[in-house]
Amino acid sequence: MKTFAFSKTYNDVTVLNVPELELHPGKIYSIIGSNGSGKSTFAKILAGTLSADQKGIKLEPYISVGYMPQKNYAFRMSTKANILLGGSDKTRAEYLMKALQIDCLASRRADHLSGGETARMVLARLMMKQYNLLILDEPTAVMDMETTFLSENLIQQYTKESNCALILITHSLQQAKRIADEILFFNKGQLWEAGPKEALLNTPIHPETRQFLKFYGV
Amino acid sequence: MLSAFEKAIHLILTVDAELCNILSVTAKMSLSSSIIALLIGVPLGIVLGACCFRGKCILLVLNRTLMGMPPVVCGLLFYMVFSGVGPLRHWKILFTVKIMIMAQVVLITPIVIGNMETYVSGIALAIRETTKGLGLGKLKTFLLLTNECVYQIFSVYLLAFSRAIAEVGAVSMVGGAIAWKTNVMTTAIMQYTNRGNFSLGIALGIILLAVSLLVNIIIFLLQRRLSK
């Protein structure tokens, strides 16, 4: 599938300018970059929660998009009821809750959960459905190591089973290394470099990419 | 003063007919106006808080101005429109409970809208991003948003009711504080105090304070539940 080229300008300052991208089903694309590099803005525009400068620009209508925003929101209802907002299949809800170790929280009010528990609930809620494109904006940022690994396994499994293209925004290069197929490096609102993870991590082309990777100890 | 208190307690305990009439008119006016204000104000507050559209800032400023409108100004406007020389004089509703309810609705609705807008604008973006991310439609989003506002709606209703029951300026101007017809607790307190009949005034004051205390306890409990 192809995304569209777009830009985003705030108060005459262009904060994002990206070209058209070709995404393949069943692959995980990890977006890395410093704060303010435009990663979340990119995700929001693709997900349709923010409009680009090019008004009305959208993904093809046949492409269904799932999106996990950076701020996880839990509705004032039980964890299970929250998850069932994503889809009505109760067996799948049970399976996802078990896989993410939140089955013991099923009847607890979701807005009373901890940050990590809420993130797992939001991930489960999103995986109730199948999408052509799934965008996760720092899904494991507030999780501990154990639940991060659980979530990563589930993300990989979901991508393969549903054959969707998955965009994973992360500040953890280790995470990108573990689960991504390709890495996209964003810098100053532009897609600076993209490619298979081994190539980008081992032989980056741009000095800025090298500097960024060096800073993170890669 | 002590004997006035004793008389006041006696009036409450013996269920004095005039006191009952004042309470009944007050309840009718306060309940009707606060419910109407809620029905108008909640959807408008949700729309203002959740939607972005051209002219929204103007509406917000206008609403905030109306939130601070002095009740006597509201009363004066209604008086001018519905009095014998006003354009709507043929409605013949001046000095009736109907016009008191209308004036109260005009006073309370902006407060309901303002409170709902403030609350909704704090959660709307997160809800919109979440529902959009799940592929849910606009109706489902609106229903989820309204569900998130349930406690706030109760809290706003109680605020509107307590404002309606305690208001005096507008209702005395348009209602005329006519005994057995349009006299409510606040106007009656003023009237009886002016006449030197402290006992009925104190009895009404005690009831008014008791209602206010009850409403505030409920608001406090709701807010505590909201923050949990």
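All chains are named by letter (A, B, ...) in the order of the sequence lines, taking the proteins before the strands, and each is independently numbered beginning at 1.
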So R125(A) and T130(B), do their side chains get closer than 4.5 Å, heavy atoms only? yes
Going by heavy atoms in the side chains, are Y73(A) and L125(B) under 4.5 Å from each other? no
Tell me if the CG atom of L13(B) is crowded by more than 12 foreign heavy atoms within 6.0 Å. yes
Does a sphere of radius 6.0 Å around CZ in F154(B) hold more than 12 heavy atoms from other residues, nucleotides or ligands, not counting ones at 6.0 Å or beyond? no
So do I127(B) and F75(A) actually touch side chain to side chain, heavy atoms under 4.5 Å? yes
Donor-acceptor pair, K129(A) side chain versus L134(B) backbone, under 3.5 Å? yes
Electrostatic pair K44(A):E129(B) at N-O distance under 4.0 angstrom: yes
Pick whichever of G48(A), G87(A), S64(A) has the most heavy-atom pairs under 4.5 Å with chain B. G48(A)
More than 12 non-hydrogen atoms from neighbouring residues, nucleotides or ligands closer than 6.0 Å to NZ on K140(B), yes or no? no
Within 6.0 Å of NZ in K132(B), more than 12 heavy atoms from elsewhere: no
Where does M128(A) contact chain B at under 4.5 Å (heavy atoms): side chain, backbone, both or neither? neither
Quick one: are M77(A) and N147(B) in side-chain contact, heavy atoms under 4.5 Å? yes
What I'd like to find out is whether the side chain of L144(B) reaches to under 4.5 Å of the side chain of L85(A), using heavy atoms alone. yes
Side chain, backbone, both or neither: which part of A43(A) has an atom under 4.5 Å from a heavy atom of chain B? neither
Is there side-chain contact between T49(A) and R128(B), with at least one heavy-atom pair below 4.5 Å? no
